[in-house]
Amino acid sequence: MKLSLTPEAASKLAPLFDDPTSIVLLDYGDGNGFLAEGKTECTLNQAFRILIVHKDCDFHEYNQHLSTPIGNFYYKDYTKMFMDDEMTIKLNPHDQQLSLHGQYRGIITANLKILDYRDQENDNRYHL
């Protein structure tokens with residue numbers, strides 16, 4: 001699998017990879033995992049999002065990664081079925097929104113949100 005970024009998307013996302021104490025997750029909103037927003041997302045939202053978490057958190061579910069020139073995006077191996085072999089993250093110049101596009105599926109996630117959990121308190125860092 002391959003994940004590409006347009007130059008504009010890479011410029012927007014590059015600062016997320018500058019922090020050596022954090023990692024970046026490409027999370028599929030399926031209601032599973034330590035950052036799930038609720039079980040309703042498992043069948044209703046079906047969208048990816050970008051999560052920035054502290055590297056010391058328990059992110060064992062994110063056991064695969066996609067390498068890009070700006071850094072690795074970790075993901076849950078079973079969410080591969082929702083991805084294409086070649087994907088691209090693009091930035092809409094009009095509203096500065098990111099989107100995830102697949103080689104065959106077209107737009108996989110129209111609004112690829114970025115959620116930053118690095119500043120959460122240690123005990124509740126990853127509980128919403």
Side-chain angles (χ1 to χ4, degrees):
M1 288 192 15
K2 179 181 175 186
L3 179 62
S4 302
L5 300 107
T6 63
E8 299 81 11
S11 291
K12 181 170 183 161
L13 291 171
L16 303 179
F17 294 88
D18 290 343
D19 181 357
T21 67
S22 67
I23 60 162
V24 178
L25 309 175
L26 183 60
D27 179 63
Y28 184 72
D30 60 353
N32 292 318
F34 68 103
L35 287 169
E37 290 182 343
K39 295 300 177 187
T40 56
E41 70 184 344
C42 70
T43 57
L44 300 176
N45 290 340
Q46 299 214 352
F48 284 93
R49 58 193 183 159
I50 295 172
L51 307 177
I52 301 91
V53 299
H54 194 274
K55 71 177 184 177
D56 292 336
C57 74
D58 180 9
F59 66 97
H60 74 276
E61 296 162 320
Y62 299 84
N63 54 4
Q64 299 292 316
H65 72 276
L66 296 165
S67 297
T68 72
I70 62 171
N72 292 328
F73 288 79
Y74 291 85
Y75 67 96
K76 296 175 256 184
D77 60 356
Y78 67 85
T79 62
K80 183 177 179 178
M81 72 175 109
F82 302 109
M83 300 178 185
D84 277 355
D85 286 336
E86 293 185 28
M87 299 181 297
T88 305
I89 295 178
K90 299 179 181 181
L91 180 70
N92 182 326
H94 301 292
D95 60 11
Q96 297 299 300
Q97 299 269 15
L98 294 169
S99 56
L100 179 64
H101 299 256
Q103 177 183 14
Y104 302 110
R105 298 176 199 233
I107 298 174
I108 296 172
T109 300
N111 180 11
L112 189 61
K113 296 179 184 177
I114 301 171
L115 301 171
D116 189 345
Y117 292 103
R118 292 175 291 183
D119 292 333
Q120 299 290 323
E121 291 183 26
N122 288 337
D123 292 340
N124 286 326
R125 179 175 289 166
Y126 305 112
H127 294 81
L128 301 178

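All figures in this text were calculated on a predicted structure; none of them were measured in a lab. These numbers come from the heavy atoms of this one structure, side chains and all, not from hydrogens, waters or symmetry mates.
- Closest heavy-atom contact between Ser11 and Pro15: O-CD, 3.4 Å.
- One finds the NZ atom of Lys113 at 13.0 Å from the CG atom of Leu98 (value rounded to the nearest 0.5 Å).
- With rounding to the nearest 0.5 angstrom, the CG atom of Leu112 is 11.0 Å from the CZ atom of Arg49.
- Counting heavy atoms from C-beta outward, Leu26 and Thr79 have side chains that stay 4.5 Å or more apart.
- Here the side chain of Thr109 pairs a donor or acceptor atom with the backbone of Phe48 at under 3.5 angstrom.
- Leu91 and Thr6 make their closest contact through N-OG1, 3.9 Å (heavy atoms, listed as atom of the first residue, atom of the second, distance).
- Under the 4.5 Å side-chain heavy-atom criterion for Ile, Leu, Val, Met, Phe, Trp and Tyr, Ile107 and Met1 are members of distinct hydrophobic clusters.
- The shortest side-chain heavy-atom distance between Glu8 and Asn92 does not fall under the 4.5 Å cut-off.
- A parallel orientation is assigned to the rings of Tyr28 and Phe82, their planes being inclined by less than 30° (bins at 30° and 60°).
- Hydrophobic clustering places Ile108 together with Met81 (ILVMFWY residues linked when any side-chain heavy atoms are closer than 4.5 Å, directly or through intermediates).
- Within the 4.5 Å cutoff, the side chain of Leu13 has no heavy atoms near those of the Thr68 side chain.
- Here the closest heavy-atom approach between residue Met87 and residue Leu66 is recorded as CE-CD1, 3.9 Å.
- Atom CZ of Arg118 sits about 7.0 Å away from atom OG1 of Thr21, to the nearest 0.5 Å.
- Legend: salt bridge (Lys or Arg N to Asp or Glu O under 4.0 Å) pairs involving residues 77-102, not counting sequence neighbours, sorted by first then second residue: Asp84-Arg105.
- When all heavy atoms of Ala110 and Ser99 are compared, the pair lying nearest together is O-CB, 3.3 Å.
- No close placement of the Tyr75 and Tyr62 rings is indicated, their centers lying 6.0 Å or farther apart.
- Considering all non-hydrogen atoms of both residues, Val53 and Cys57 come closest at CG2-SG, 3.5 Å.
- Atom CD1 of residue Ile52 and atom CD1 of residue Ile114 lie 6.0 Å apart, to the nearest 0.5 angstrom.
- Distance check: Thr88 OG1 to Leu3 CG gives 7.5 Å after rounding to the nearest 0.5 Å.
- Rounding to the nearest 0.5 Å places OH of Tyr78 at 9.5 Å from CG of Asn63.
- For the residue pair Leu16 and Ser22, the shortest heavy atom distance occurs at O-OG, 4.0 Å.
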